[in-house]
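Okay, structure first, notes after.
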Amino acid sequence: MSTNAIETLQFNCTTCPSECLLTVEVERSADGAVVEVRSVIGNSCPRGDKFAHQELTCPMRVLTTTVAVSGGDEALLPVRTADAIPLALHAQAMDLIRGLVVNAPIRMGDVVLPNLLDTNINLVASMDIE
Ligand code: SF4
């Protein structure tokens with residue numbers, strides 16, 4: 001006999017500014033792991049279906065934070081990942097980023113840390129610092 005549970009969730013697709021409200025039926029095992037995304041409704045385009053599956057199996061987010069600066073006219077440099085990385089890696093990434101110090105001058109878009117945690121995504125500067 002299956003002990004899996006069926007759950008209905010609602011969340012917004014954040015892929016584009018329309019932010020469609022998705023209603024997602026998901027099957028979970030007894031330990032809470034997602035067994036299957038059974039249905040997605042409310043999406044105005046196929047990207048919403050893809051977003052729902054991604055959100056329930058491996059949610060992705062852009063990480064934004066700051067890094068210490070040496071020799072600049074600002075003490076902290078705002079940085080972001082160039083693209084979304086798995087949300088599950090954010091804490092580990094923050095542990096790594098907290099120890100960084102970058103040397104001024106820095107230009108917006110400069111790579112502060114390449115291939116963050118082997119994601120193939122760079123951490124980049126979000127502003128200029130002289
Ligand atoms: S489902 Fe499509 S239209 Fe709706 S927010 Fe997502 S990407 Fe945009």
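For this chain, numbers begin at 1 and follow the sequence in order. Counting convention: from 1, in listed order, for ligands and their atoms alike. Just so we're clear, the structure is a prediction, and the values are computed from it rather than from any experiment.
A distance-only check finds no donor-acceptor pair linking the side chain of Asn4 to the backbone of Glu27 [under 3.5 Å].
Close approach to Glu19 involves these atoms of ligand 1, each under 4.0 Å from a residue heavy atom: 5 (S). Under a 4.0 Å criterion applied to the non-hydrogen atoms of Arg47, ligand 1 contributes the atoms 7 (S). Which parts of ligand 1 touch Asn43 is read off a 4.0 Å heavy-atom cut-off, strictly below it: atoms 1 (S). The ligand atoms of ligand 1 that sit less than 4.0 angstrom from a heavy atom of Gly48 are 1 (S).
With rounding to the nearest 0.5 Å, the separation of CZ in Arg80 from CG in Asn122 is 11.5 Å.
Here Cys16 fails the criterion, with no N, O or S atom under 2.8 Å of atom 4 (Fe) of ligand 1. In summary, Cys45 places no N/O/S atom under 2.8 Å from atom 6 (Fe) of ligand 1, failing the contact criterion.
Counting protein heavy atoms only, atom 4 (Fe) of ligand 1 is closest to Cys20 SG, 2.3 Å. Among all non-hydrogen protein atoms, the one lying nearest atom 6 (Fe) of ligand 1 is Cys13 SG, 2.4 Å.
Residue Met94 qualifies as enclosed at atom CE: its count of foreign heavy atoms under 6.0 Å is above 12.
Residues Val69 and Glu74 have side chains not in contact (no heavy-atom distance under 4.5 Å, counting atoms from C-beta outward). Between Glu25 and Glu36, every side-chain heavy-atom pair lies at or beyond the 4.5 Å cut-off.
We find that Arg107 and Glu130 are joined by a salt bridge, their nearest charged nitrogen and carboxylate oxygen being less than 4.0 Å apart.
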